[in-house]
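Numbering of ligands and ligand atoms starts at 1, following listing order. All residue numbers in this chain count up from 1 along the given sequence.
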Amino acid sequence: MPSRSERPQVAVLISGAGSLLRTLIEASQDGRLAVELVGVGADRVASGLIWAERAGLPNFVLPLTDATDRAEWDRVLTRRVAQWEPDLVVSAGFMRLFGPAFLARFAGRCLNTHPSLLPSFPGRGAVRQALAAGVKLTGCTVFQVDAGVDTGPIVAQAGVPVRPGDDEATLHERIKIEERQLLVDVIREWPFGRRGDYD
Ligand code: GAR
């Protein structure tokens with residue numbers, strides 16, 4: 001395994017409970033992932049920041065409110081993440097669209113994860129949408145971020161059957177179990193070898 005300083009550098013963005021972040025932290029500590037997590041950003045005081053704090057990871061909160069200048073927020077977000085010089089940015093439950101500055105800076109090295117089998121049920125409420133549609137199989141998707149809403153190139157997917165009696169919470173929890181594993185698998189296979197090609 002490469003030494004810590006040689007490991008690919010990964011930044012994570014969150015908005016919520018951060019169970020995906022927690023999995024990435026654990027995986028980078030127990031040897032499942034040979035990456036170094038370099039920092040965590042959030043668009044609100046997300047409860048998941050506790051995992052960053054406990055792991056001693058640098059972190060920031062950059063709120064986006066109705067009063068925020070969105071272009072400026074995008075530029076500051078880009079700067080704050082870029083300061084860590086990540087090889088990969090993982091949007092792990094970060095419930096914001098990226099703007100042009102962020103997309104230009106991190107094109108091709110930003111992954112997102114979504115709790116449906118895209119292109120079905122993009123956007124907010126993906127689990128609720130799947131239940132309302134009556135599908136018997138849903139799941140999760142890891143994809144590359146582009147300017148659209150969950151439209152980027154799909155990297156990997158995992159299916160999760162909908163069980164009779166499922167509600168949004170029970171189904172989302174089962175999806176997240178698969179999602180955590182899928183994200184770890186994708187990052188493990190990510191072609192980091194091209195470090196330096198982008199800057
Ligand atoms: C995950 O299911 C992720 O796919 C979803 O938020 C959850 C985050 O869980 N993201 C989206 O819906 C983005 N469109 P976590 O906060 O426990 O890691």
Side-chain angles (χ1 to χ4, degrees), residues 10-29 32-33 35 37 39-55 57 59-64 74 77 81 88-99 102-103 106 110-133 135 137-163 166-187:
V10 177
V12 183
L13 297 172
I14 66 167
S15 296
S19 69
L20 291 162
L21 167 65
R22 183 183 185 184
T23 295
L24 296 182
I25 290 171
E26 289 172 355
S28 69
Q29 290 172 342
R32 276 176 292 157
L33 277 181
V35 303
L37 298 186
V40 178
D43 65 320
R44 66 194 68 187
V45 186
S47 60
L49 285 169
I50 186 75
W51 308 118
E53 287 288 332
R54 285 193 186 169
L57 292 176
N59 58 86
F60 67 80
V61 176
L62 184 64
L64 178 61
D74 176 44
L77 178 70
V81 175
L88 182 68
V89 181
V90 180
S91 171
F94 187 63
M95 305 301 281
R96 297 291 179 188
L97 278 179
F98 297 109
F102 191 95
L103 292 169
F106 297 110
C110 183
L111 290 175
N112 197 357
T113 173
H114 185 74
S116 75
L117 294 174
L118 291 171
S120 294
F121 315 127
R124 285 181 186 263
V127 180
R128 197 165 54 244
Q129 291 181 58
L131 284 169
V135 295
L137 183 75
T138 185
C140 49
T141 303
V142 177
F143 62 101
Q144 292 197 50
V145 171
D146 69 6
V149 178
D150 303 326
T151 52
I154 290 171
V155 179
Q157 294 185 304
V160 175
V162 179
R163 289 188 190 148
D166 259 339
D167 60 21
E168 190 177 352
T170 59
L171 181 54
H172 198 174
E173 207 36 64
R174 284 210 319 290
I175 290 171
K176 287 213 273 185
I177 292 168
E178 295 301 321
E179 201 174 4
R180 294 173 197 129
Q181 183 62 49
L182 188 70
L183 190 56
V184 168
D185 291 345
V186 166
I187 295 173

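Contact of the Arg96 side chain with the Leu77 side chain is not registered, since no non-hydrogen atoms from C-beta on lie closer than 4.5 Å. With a 4.5 Å cut-off on side-chain heavy atoms, Phe94 and Val89 do not count as touching. Using a 4.5 Å heavy-atom cutoff, the side chains of Leu24 and Val10 are not in contact.
Among protein heavy atoms, the minimum distance from atom 13 (C) of ligand 1 is reached at Met95 SD, 3.6 Å. Closest protein heavy atom to atom 7 (C) of ligand 1: His172 NE2, 4.0 Å. The nearest protein atom to atom 9 (O) of ligand 1, hydrogens excluded, is given as Lys176 NZ, 3.2 Å; this is a heavy-atom distance. Among protein heavy atoms, the minimum distance from atom 12 (O) of ligand 1 is reached at Pro115 CD, 3.3 Å. Closest to atom 14 (N) of ligand 1, if we only count protein heavy atoms, is His114 ND1, 3.0 Å. Among all non-hydrogen protein atoms, the one lying nearest atom 4 (O) of ligand 1 is Glu179 OE2, 2.2 Å.
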Begin from the C-alpha positions of Glu173 and Arg180 and carry the test salt bridge (charged side-chain N to carboxylate O under 4.0 Å, His left out) through to its verdict. CA-CA 11 Å; Glu173 207 36 64; Arg180 294 173 197 129; 3.1 Å; yes
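Between Leu20 and ligand 1, a contact under 3.5 Å exists for at least one N or O pair.
In this structure a side-chain-to-backbone donor-acceptor pair under 3.5 Å is present from Thr141 to Leu118. The closest donor-acceptor contact from the side chain of His172 to the backbone of Arg128 lies at 3.5 Å or more, if one exists at all.
The distance from ligand 1 to the heavy atoms of Gly93 drops below 4.0 Å at these ligand atoms: 6 (O), 8 (C), 10 (N).
At least one heavy atom of Thr113 lies less than 4.0 angstrom from ligand 1. For the ligand labelled ligand 1, residue Gly18 lies inside the 4.0 Å heavy-atom shell.
Phe98 and Phe102 have parallel rings, their planes meeting at less than 30° on a 0 to 90° scale where 60° marks the start of perpendicular.
Counting heavy atoms only, Ser19 comes closest to atom 17 (O) of ligand 1 of the residues Ser19, Ala46, Ser47, Ala92.
Each of Pro115, Ser116, Ser120 was evaluated against Thr138; a single residue qualifies, Ser116, per the side-chain contact (heavy atoms from CB on, under 4.5 Å) test.
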